[in-house]
Amino acid sequence: MQISQPPIPKYLKQDELTQECEDLISTLPIETGWVTANFYKYQGFWHPVRHLQGIISCQKHFQSQHNDILLVTTPKSGTTWLKSILFALMNRTKFSISKKNHPLLSNNPHVLVPFLEVKLYLENENPDLSLIKSPRLFSTHMPYVSLPRSVHDSQCKIVYLCRNPKDALISLWFFANKLRLEEMGTISLELAFDKFCAGVIMYGPFWDHVLGYWYESLKNPDKVFFLKYEDMKEKPNLYLKKLAEFLECPFSLKEEKEKVVEGILDISSFEKLSNLKVNKEGKLPSGENCSAFFRKGEVGDWKNYLTKEMVEHLDKICKEKLHGSGLDF
Ligand code: A3P
């Protein structure tokens with residue numbers, strides 16, 4: 001009897017590329033990937049080929065509207081968390097936070113706030129977004145230099161989230177090993193560390209990504225809100241209120257009295273989301289288990305994994321790269 005192989009998850013597929021993408025990758029620098037076979041360097045950043053396909057379609061076709069909200073993150077910086085917070089925040093009139101049938105209780109946040117290049121423009125070169133009600137909420141990991149022209153030209157708002165690079169590295173290392181097929185084996189922490197330091201990660205180099213949005217947030221604070229995972233963890237109420245003000249939908253006194261701020265933070269909390277059936281047992285249409293997006297949700301877990309030498313080396317790189325920017329982690 002022939003044993004049938006399980007299908008390859010979509011996120012590992014490298015076929016079905018447009019001719020334009022095939023032509024492009026033949027000209028780009030190449031490196032070994034973490035989950036997929038290869039990364040290609042496009043506009044200064046490393047991408048698996050599927051993401052690259054999504055990026056070039058998005059650059060060509062995405063038309064931003066003036067009241068769109070774009071959540072931009074570095075991978076593993078708490079994208080899932082901020083998606084749930086932004087969804088609950090922007091839809092708080094439509095979906096009361098105390099309702100038993102709130103969409104966040106039965107949908108993974110990645111379904112409610114779709115990625116541009118990793119979902120919409122990957123599945124369809126020019127998707128019809130006309131049915132999405134405004135304000136539209138999208139997310140992306142695209143670096144600043146790669147954002148579609150219309151994002152710069154429109155008055156849409158950008159919420160940028162990043163995280164201490166040592167925690168981002170550990171989170172990424174666990175995530176990549178969860179996504180790799182069994183026959184691929186695991187990536188060692190030593191290899192992951194070297195690649196991270198060399199900038200060879202999804203949407204890396206990390207520092208270039210962060211600095212692109214950091215400088216833009218200084219130049220244009222009404223357009224780009226720059227947020228760190230650690231700050232959101234430490235003072236969630238404060239930063240949620242700041243987010244609401246930035247997005248021009250501040251909480252009213254009545255809402256504050258009714259504890260809407262606390263309600264949004266509660267429904268988006270790690271404890272709540274990670275224990276929902278949909279997030280424990282569900283899968284994204286692209287094949288990832290939803291549970292892969294929830295691990296510890298803590299600050300400082302790197303202390304349990306990185307050696308003293310690794311910490312010194314990464315701190316030194318971080319200091320050099322961020323020198324003079326006013327940004328630190
Ligand atoms: P850890 O691996 O350190 O636990 P992303 O959503 O960008 O892929 O990031 C995933 C990281 O965010 C993981 O970090 C995950 O556990 C954490 N995370 C997921 N949901 C969270 C939540 N509601 N609150 C805080 N952290 C969360």
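As the structure lists them, so they are numbered: ligands from 1, and atoms in each ligand from 1.
- What sits closest to atom 3 (O) of ligand 1 on the protein, heavy atoms only, is Arg163 NH2, 2.9 Å.
- Within the set Leu265, Thr73, Thr80, the minimum heavy-atom distance to atom 6 (O) of ligand 1 is found for Thr80.
- For a threshold of 3.5 Å applied to N or O pairs, the pair formed by Pro75 and ligand 1 contains no separation below that value.
- In terms of N/O distances under 3.5 Å, ligand 1 is not approached by Lys233.
- When hydrogens are left out, the protein atom nearest atom 16 (O) of ligand 1 is Arg295 N, 2.9 Å; that is the closest non-hydrogen contact.
- The existence of a salt bridge linking Lys233 and Glu230 is excluded, since no basic side-chain nitrogen approaches an acidic carboxylate oxygen closer than 4.0 Å.
- A cation-pi arrangement is present between Lys157 and Phe246, with the terminal nitrogen or guanidinium carbon under 6.0 Å from the aromatic centre and inside a 45° cone about the axis.
- Looking only at side-chain heavy atoms (C-beta outward), Glu117 and Leu122 stay at 4.5 Å or farther from each other.
- Here atom 17 (C) of ligand 1 lies nearest to Tyr229 when heavy atoms of Tyr229, Phe174, Trp173, Trp302 are compared.
- Within a 6.0 Å sphere centred on CD of Gln155, heavy atoms belonging to other residues, nucleotides or ligands number 12 at most.
- Looking at Glu312 and Lys316, no side-chain N of the basic residue comes within less than 4.0 Å of a carboxylate O on the acidic one, giving no salt bridge.
- In the vicinity of Ser269, heavy-atom distances shorter than 4.0 Å reach the ligand 1 atoms 23 (N).
- Shortest contact from atom 8 (O) of ligand 1 to any protein heavy atom: Lys76 NZ, 2.6 Å.
- Near Phe294, with a cut-off below 4.0 Å to any heavy atom, the atoms of ligand 1 are 16 (O), 19 (C), 20 (N).
- Where the criterion is an N or O separation shorter than 3.5 Å, residue side chain and backbone included, Leu273 fails it with respect to ligand 1.
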Quiz item: After noting the C-alpha distance and the side-chain angles of Val145 and Phe45, does the key distance pass the side-chain contact (heavy atoms from CB on, under 4.5 Å) rule?
Solution: CA-CA 9 Å; Val145 289; Phe45 291 83; 3.8 Å; yes
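- Distances between N or O atoms of Thr74 and those of ligand 1 include no value under 3.5 Å.
- For atom 22 (C) of ligand 1, the nearest non-hydrogen atom of the protein is Trp81 CG, 3.4 Å.
- If you check which protein heavy atom lies closest to atom 15 (C) of ligand 1, you get Phe293 O, 3.4 Å.
- In terms of protein heavy atoms, atom 27 (C) of ligand 1 is closest to Phe270 CD1, 3.7 Å.
- Atom 13 (C) of ligand 1 has as its closest protein heavy atom Ser171 OG, 3.6 Å.
- Defined by atom type and a distance below 3.5 Å, a donor-acceptor pair is present between the side-chain atoms of Asp23 and Gln19.
- Residue His110 places no N or O, backbone or side chain, under 3.5 Å from any N or O of ligand 1.
- With a 4.0 Å heavy-atom cut-off, ligand 1 is reached by the backbone of Ser268 but not by any atom from C-beta on.
- At least one N or O atom of Gly78 sits closer than 3.5 Å to an N or O atom of ligand 1.
- Residue Lys296 has at least one heavy-atom neighbour below 4.0 Å for each of these atoms of ligand 1: 4 (O), 16 (O).
- Between Tyr203 and His47, the ring planes lie perpendicular to each other; the angle is over 60°, past the 30° to 60° tilted range.
- Residue contacts with ligand 1: Glu298 is placed with no nitrogen or oxygen under 3.5 Å of a nitrogen or oxygen of the ligand (distance criterion only).
- The aromatic rings of Tyr305 and Trp173 stand perpendicular to each other, their planes meeting at an angle above 60°, with 30° marking the opposite boundary.
- Residue Tyr160 is tested with Tyr144, Tyr215, Tyr229, Tyr213 for a ring pair (Phe, Tyr, Trp, His ring centres under 6.0 Å); the sole match is Tyr213.
- Taking the six-membered ring where the residue is Trp, Phe39 and Trp46 present tilted rings, their angle falling between 30° and 60°.
- Using a 4.0 Å cut-off between a side-chain N of Lys or Arg and a carboxylate O of Asp or Glu, Lys241 and Glu245 do not qualify as a salt bridge.
- The protein non-hydrogen atom at the shortest distance from atom 7 (O) of ligand 1 is Thr79 OG1, 2.6 Å.
- At a 4.0 Å cut-off, not a single heavy atom of Phe175 sits close enough to ligand 1 to count as contact.
- Using cut-offs of 30° and 60° for the angle between ring planes, the His110 and Phe115 rings count as parallel.
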